[in-house]
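Residue numbers start at 1 and run along the sequence shown.
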Amino acid sequence: MLSNYPLCGLALGNNLYDIMPSKWRASAPEARIKLYTRLAASILPLGLSIVVYDLTIVFKITGLLAFVLGYLIPTSLQVLSIKRCIQLSIPHKTPFHTCLSTIPAAYAVFVLGVGLIIYTITTFFT
(Lines give C-alpha, C1' and ligand atoms only; values in the text may rest on other atoms or scores of the structure.)
Protein backbone atom coordinates (compact mmCIF):
# COMPACT_ATOMS: atom_id res chain seq x y z
CA MET A 1 0.00 0.00 0.00
CA LEU A 2 2.77 2.45 0.81
CA SER A 3 4.39 2.01 -2.59
CA ASN A 4 1.36 3.13 -4.58
CA TYR A 5 0.12 5.84 -2.19
CA PRO A 6 2.10 8.66 -3.88
CA LEU A 7 0.86 7.53 -7.30
CA CYS A 8 -2.75 7.50 -6.12
CA GLY A 9 -2.39 10.99 -4.64
CA LEU A 10 -0.79 12.24 -7.83
CA ALA A 11 -3.44 10.70 -10.08
CA LEU A 12 -6.36 11.90 -7.94
CA GLY A 13 -4.85 15.38 -7.67
CA ASN A 14 -4.42 15.58 -11.44
CA ASN A 15 -7.99 14.35 -11.98
CA LEU A 16 -9.31 16.93 -9.55
CA TYR A 17 -7.42 19.60 -11.49
CA ASP A 18 -8.86 18.37 -14.80
CA ILE A 19 -12.48 18.60 -13.61
CA MET A 20 -12.08 22.07 -12.10
CA PRO A 21 -13.97 24.85 -13.89
CA SER A 22 -11.79 26.80 -16.29
CA LYS A 23 -12.36 29.99 -14.28
CA TRP A 24 -10.69 28.40 -11.27
CA ARG A 25 -7.82 27.05 -13.35
CA ALA A 26 -7.21 30.49 -14.89
CA SER A 27 -7.05 32.18 -11.48
CA ALA A 28 -3.54 30.91 -10.65
CA PRO A 29 -0.60 29.22 -12.40
CA GLU A 30 -1.21 25.60 -13.36
CA ALA A 31 1.67 24.30 -11.26
CA ARG A 32 0.33 25.95 -8.11
CA ILE A 33 -3.22 24.66 -8.55
CA LYS A 34 -1.95 21.14 -9.31
CA LEU A 35 0.17 21.31 -6.17
CA TYR A 36 -2.89 22.23 -4.10
CA THR A 37 -5.08 19.51 -5.60
CA ARG A 38 -2.34 16.91 -5.11
CA LEU A 39 -1.86 18.01 -1.51
CA ALA A 40 -5.61 17.83 -0.88
CA ALA A 41 -5.72 14.33 -2.35
CA SER A 42 -2.75 13.19 -0.24
CA ILE A 43 -3.09 15.04 3.04
CA LEU A 44 -6.72 14.16 3.80
CA PRO A 45 -6.07 10.39 4.12
CA LEU A 46 -2.86 11.09 6.05
CA GLY A 47 -4.71 13.36 8.45
CA LEU A 48 -7.35 10.72 8.89
CA SER A 49 -4.72 8.12 9.68
CA ILE A 50 -3.29 10.40 12.38
CA VAL A 51 -6.66 10.54 14.13
CA VAL A 52 -7.73 6.93 13.51
CA TYR A 53 -5.17 4.24 14.26
CA ASP A 54 -7.08 1.33 12.76
CA LEU A 55 -6.02 1.04 9.13
CA THR A 56 -9.20 -0.78 8.07
CA ILE A 57 -11.30 2.22 9.12
CA VAL A 58 -9.06 4.53 7.10
CA PHE A 59 -9.48 2.26 4.07
CA LYS A 60 -13.25 2.17 4.52
CA ILE A 61 -13.52 5.94 4.73
CA THR A 62 -11.30 6.50 1.71
CA GLY A 63 -13.26 3.75 -0.05
CA LEU A 64 -16.41 5.82 0.41
CA LEU A 65 -14.73 8.59 -1.54
CA ALA A 66 -13.85 6.07 -4.25
CA PHE A 67 -17.52 5.07 -4.53
CA VAL A 68 -18.50 8.72 -4.91
CA LEU A 69 -15.79 9.36 -7.50
CA GLY A 70 -16.39 6.12 -9.37
CA TYR A 71 -20.16 5.74 -9.30
CA LEU A 72 -22.02 8.88 -8.30
CA ILE A 73 -20.19 11.71 -10.06
CA PRO A 74 -19.77 10.07 -13.52
CA THR A 75 -23.38 8.89 -13.67
CA SER A 76 -24.65 12.30 -12.57
CA LEU A 77 -22.59 13.96 -15.28
CA GLN A 78 -23.84 11.46 -17.85
CA VAL A 79 -27.50 12.11 -17.00
CA LEU A 80 -26.98 15.89 -16.95
CA SER A 81 -25.15 15.89 -20.29
CA ILE A 82 -27.78 13.72 -22.00
CA LYS A 83 -30.58 15.95 -20.71
CA ARG A 84 -28.68 19.08 -21.77
CA CYS A 85 -28.10 17.67 -25.26
CA ILE A 86 -31.79 16.85 -25.58
CA GLN A 87 -32.69 20.34 -24.35
CA LEU A 88 -30.41 21.97 -26.95
CA SER A 89 -31.53 19.56 -29.71
CA ILE A 90 -28.02 18.15 -30.02
CA PRO A 91 -27.75 14.46 -30.85
CA HIS A 92 -26.47 12.70 -27.75
CA LYS A 93 -25.81 9.37 -29.42
CA THR A 94 -22.28 8.91 -30.67
CA PRO A 95 -20.57 6.04 -32.49
CA PHE A 96 -19.64 4.76 -29.02
CA HIS A 97 -23.27 4.66 -27.80
CA THR A 98 -24.35 1.33 -26.26
CA CYS A 99 -27.27 0.10 -24.21
CA LEU A 100 -25.30 1.24 -21.14
CA SER A 101 -25.21 4.83 -22.45
CA THR A 102 -28.80 5.52 -21.51
CA ILE A 103 -30.32 7.42 -18.62
CA PRO A 104 -31.88 4.30 -17.01
CA ALA A 105 -28.49 2.55 -17.06
CA ALA A 106 -26.87 5.61 -15.47
CA TYR A 107 -29.54 5.65 -12.77
CA ALA A 108 -28.94 1.94 -12.15
CA VAL A 109 -25.20 2.52 -11.65
CA PHE A 110 -25.99 5.50 -9.41
CA VAL A 111 -28.27 3.33 -7.26
CA LEU A 112 -25.54 0.68 -7.14
CA GLY A 113 -23.10 3.32 -5.88
CA VAL A 114 -25.53 4.49 -3.22
CA GLY A 115 -26.09 0.88 -2.20
CA LEU A 116 -22.35 0.30 -1.89
CA ILE A 117 -21.99 3.42 0.24
CA ILE A 118 -24.84 2.33 2.51
CA TYR A 119 -23.38 -1.16 2.78
CA THR A 120 -19.96 0.25 3.68
CA ILE A 121 -21.45 2.55 6.30
CA THR A 122 -23.56 -0.23 7.86
CA THR A 123 -20.57 -2.55 8.07
CA PHE A 124 -18.28 0.23 9.24
CA PHE A 125 -17.81 -0.87 12.82
CA THR A 126 -18.09 -4.62 12.38
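In terms of heavy-atom proximity, I82 sits nearest to I103 at CG2-CD1, 3.7 Å. A pairwise comparison of heavy atoms in F96 and S101 identifies O-OG, 4.1 Å as the closest pair. Of all heavy-atom pairs between Y71 and V109, the closest is CD2-CG1, 3.7 Å. Contact record, M20 with R25: O-NE, 3.4 Å, taken as the closest heavy-atom pair. Scanning both residues, T75 and L72, for their nearest heavy atoms gives OG1-O, 3.1 Å. Shown here for S27 and I33, the closest heavy-atom pair between the two residues is OG-CD1, 4.4 Å.
Rounding to the nearest 0.5 angstrom, the gap separating the CD atom in Q78 from the OG1 atom in T102 is 7.5 Å. Between the CG atom of N14 and the CZ atom of R38 there is a distance of 4.0 Å, given to the nearest 0.5 Å. Rounding to the nearest 0.5 angstrom, the gap separating the NZ atom in K83 from the CG atom in L88 is 14.5 Å. Taking NE2 from H97 and NE2 from H92, the interatomic distance works out to 5.5 Å, rounded to the nearest 0.5 Å.
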Does I19 form a side chain to side chain contact (heavy atoms under 4.5 Å, CB included) with I73? I'd like the steps, not just the answer.
CA-CA 11 Å; I19 65 170; I73 292 175; 5.7 Å; no
Determine whether L64 and V68 satisfy the following criterion, side chain to side chain contact (heavy atoms under 4.5 Å, CB included), listing intermediate values before the conclusion.
CA-CA 6 Å; L64 288 175; V68 171; 5.8 Å; no
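A distance-only check finds no donor-acceptor pair linking the side chain of S42 to the backbone of L39 [under 3.5 Å].
Within 6.0 Å of CZ in F67 there are more than 12 heavy atoms belonging to other residues, nucleotides or ligands.
No continuous path of hydrophobic side-chain contacts links L80 to V111 [ILVMFWY only; heavy atoms under 4.5 Å]. Both F110 and L112 are part of a single hydrophobic cluster, where members link through side-chain heavy atoms under 4.5 Å apart. Side-chain heavy atoms closer than 4.5 Å link hydrophobic residues (I, L, V, M, F, W, Y) into clusters, and following such links, possibly through other members, connects L35 to I43. Hydrophobic clustering (ILVMFWY, side-chain heavy atoms < 4.5 Å, transitive): L116 and I118 are in one cluster.
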